[in-house]
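The block underneath contains the structure these notes are about, expressed in structure tokens.
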Amino acid sequence: MELSEYRPRPRLRVPGSRVPRAAFPAVDAHNHLGRWLTGGWSVPDVGRLLALMEECGVRAVVNLDGRWGEELEANLDRYDRAHPGRFATFCHVDWDDLARTGGRGLAPSLRRSVAAGARGLKVWKDLGLHVRDGGGRLVLPDDPRLAELWEAAADLGVPVAIHTADPIAFFDPVDERNERYEQLLAHPDWSFADRERFPGFERLMDALEAVVAAHPRTVFVAVHAGCQAEDLGRVGRMLGAYPNLHVDIAARIAELGRQPRATRALILRFPGRVLFGTDEFPPDADTYATHFRFLETLDEHFPHSAEDPPLMGRWRISGLGLPGHVLASVYADNAARLLGI
């Protein structure tokens, strides 16, 4: 048998439960409903999505795929304008403007997008890992040329959902010590271990912290558990230091659920600064049920994914058993306050 064929069946006997519907109306504050990542609409049938939302108790979904110009208009027409109150689409900016104008067109682009109906700005990990200026130099989030963009978000009153870096293991050598070895073998382009091409993880986190600190009027949502789910100590320190910083849990329950006590303590300390989100597209009932189980129950040792083997690690997770008032904040109140939905 090859090691890749190994599928151990846990023999631990523990109580379990299924939570098909959120205890409080939820806002999935991190999802992708557009064409940016998939080439076609990631949700072909909007009516079926709305039915799923009703079934699971999800009252609204944040669509992070708005882009700009005609693509933003297409997303707004398909979701926000067709179904008021059920969707909130974020825009992007075109980083190629850094090569064209030195970044002078970024803030005006954001203003046009917000005037069209965008509810926030999505900044992906390509800023810091791939985006380069006209001289071929890598551009990180704390680049001074981006200051006007972050200040424009503050002036417009829209949050910045920022994804900086990736799991720490993606920056480690892809060898027998890497806990994401299987994942990186399947997706070698996800590795950022080459220091001649990519900055280190800590440099990227320092850039994220620097931009949050330098722009206290701007609301930042550092997605994926503050972009550093493996280091909740630093996440907690940053949340304590910067009132303009929020985080979401999207695509990180695998990490958060293997440290449930630390995760629970963090959320109880900052109940108004953590947003529910899944980053699973298209959304489905099983994904929502797993997330609800993670947040609401004290179940132990359950799968974080239906994949076999799970892409984000072979370990299992335990639930947080959050109290009702905290669940209400995480599920929807925090997103509603930031987005007005």
Side-chain angles (χ1 to χ4, degrees), residues 15-34 42-65 78-80 82-90 119-120 159 161 221 223-225 246-254 256-257 260 263-264 267-268 270-299 302-306 317-341:
S17 53
R18 180 175 173 82
V19 185
R21 186 177 177 86
F24 298 88
V27 173
D28 185 345
H30 187 137
N31 219 304
H32 297 277
L33 309 181
S42 67
V43 175
D45 188 333
V46 180
R48 290 186 63 180
L49 173 58
L50 287 165
L52 172 71
M53 292 163 63
E54 291 293 335
E55 173 189 343
C56 297
V58 177
R59 67 176 177 85
V61 176
V62 174
N63 170 30
L64 297 177
D65 290 356
R78 183 178 177 85
Y79 296 112
D80 304 47
H83 307 282
R86 306 308 302 274
F87 301 101
T89 293
F90 278 38
R119 307 294 283 274
V221 180
V223 300
H224 305 312
H246 299 67
V247 301
D248 74 23
I249 67 168
R252 292 298 182 269
I253 65 169
L256 299 174
T263 299
R264 190 176 195 273
I267 296 176
L268 292 181
F270 300 103
R273 311 271 289 285
V274 180
L275 281 67
F276 168 70
T278 64
D279 195 25
E280 292 283 347
F281 49 96
D284 64 78
D286 288 339
T287 293
Y288 280 131
T290 299
H291 282 73
F292 302 156
R293 182 183 185 185
F294 169 64
L295 292 170
E296 296 182 25
T297 79
L298 287 171
D299 288 358
F302 59 90
H304 57 78
S305 169
I317 65 173
S318 298
L320 305 182
L322 295 175
H325 69 283
V326 175
L327 283 170
S329 294
V330 171
Y331 269 143
D333 292 351
N334 298 335
R337 184 180 69 255
L338 295 184
L339 300 174
I341 56 175

Working for side-chain contact (heavy atoms from CB on, under 4.5 Å), residues L64 and H30
CA-CA 7 Å; L64 297 177; H30 187 137; 3.6 Å; yes

NE2 (H291) and SG (C56) are apart, to the nearest 0.5 Å, by 12.0 Å

Once you round to the nearest 0.5 Å, how far does CG of L320 lie from CG of L322?
5.0 Å

Listed by chain and number, what are the side chain to side chain donor-acceptor pair (under 3.5 Å) partners of R48, not counting sequence neighbours?
none

Closest heavy-atom pair, A254 versus I317, reported as atoms and distance to 0.1 Å, is O-CG2, 3.8 Å

Does R59 have any salt bridge (charged side-chain N to carboxylate O under 4.0 Å, His left out) partners at least two apart in sequence or in another chain, and if so, which?
none

Please enumerate all residues that pass ring-ring contact (aromatic ring centres under 6.0 Å, His included) together with F281, with sequence neighbours excluded.
H32

Output all residues satisfying side chain to side chain donor-acceptor pair (under 3.5 Å) with S318, sequence neighbours left out; order by chain, then residue number.
none

Are any side-chain N or O atoms of E296 and backbone N or O atoms of A22, one a donor and one an acceptor, separated by less than 3.5 Å?
no

Quick one, P303 and T290 - any side-chain contact, counting heavy atoms below 4.5 Å?
no

Nearest heavy-atom approach of N334 to P271 is ND2-O, 2.8 Å

Please enumerate all residues that pass side-chain contact (heavy atoms from CB on, under 4.5 Å) together with A289, with sequence neighbours excluded.
R18

Do L49 and P283 come within less than 4.5 Å of each other through their side chains, counting heavy atoms only?
yes

Would you mind checking if R86 and E54 are paired as a salt bridge, meaning a charged N to carboxylate O distance below 4.0 Å?
yes

Are any non-hydrogen side-chain atoms of H224 and D279 less than 4.5 angstrom apart?
yes

Should the pair F292 and Y288 be assigned to parallel (<30°), tilted (30 to 60°) or perpendicular (>60°) ring geometry?
parallel

Which atom names give the shortest non-hydrogen contact between P260 and G257, and what distance separates them?
CD-O, 3.5 Å

With A335, which residues qualify under side-chain contact (heavy atoms from CB on, under 4.5 Å), at least two apart?
V27, A29, L275

Under the salt bridge (charged side-chain N to carboxylate O under 4.0 Å, His left out) test, residues paired with E55 that sit two or more places apart
none

For the pair V61 and L33, evaluate side-chain contact (heavy atoms from CB on, under 4.5 Å) and give the outcome as yes or no after the intermediate values.
CA-CA 9 Å; V61 176; L33 309 181; 3.9 Å; yes

Can you list the steps and then say if F90 with L339 is a side-chain contact (heavy atoms from CB on, under 4.5 Å)?
CA-CA 10 Å; F90 278 38; L339 300 174; 3.6 Å; yes

I'd like to check the side-chain contact (heavy atoms from CB on, under 4.5 Å) partners of R273; sequence neighbours left out, ordered by chain and number.
L239, L245, H246, F270

Donor-acceptor contact present, side-chain R78 to main-chain G34, <3.5 Å:
no

Under the side chain to side chain donor-acceptor pair (under 3.5 Å) rule, collect the residues that match up with T278, sequence neighbours excluded.
D28, N31

Please name all residues satisfying ring-ring contact (aromatic ring centres under 6.0 Å, His included) with F294, sequence neighbours left out, ordered by chain then number.
none

Roughly how far, to the nearest 0.5 Å, is the CG atom of L295 from the CD1 atom of I249?
4.5 Å

Working to the nearest 0.5 Å, report the span between NE2 of H325 and CZ of F24.
10.0 Å

Intermediate values then yes/no, side-chain contact (heavy atoms from CB on, under 4.5 Å), V221 and V247:
CA-CA 5 Å; V221 180; V247 301; 5.8 Å; no

Residues in side-chain contact (heavy atoms from CB on, under 4.5 Å) contact with T297, at least two apart in sequence or another chain:
S17, V19, R293, D299

Ring centre gap for Y331 and F276 strictly below 6.0 Å
yes

Euclidean distance, D333 CG relative to L327 CG, rounded to 0.5 Å:
10.5 Å

Restricting to side chain to side chain donor-acceptor pair (under 3.5 Å), what partner residues turn up for N63, sequence neighbours left out?
N75, T89

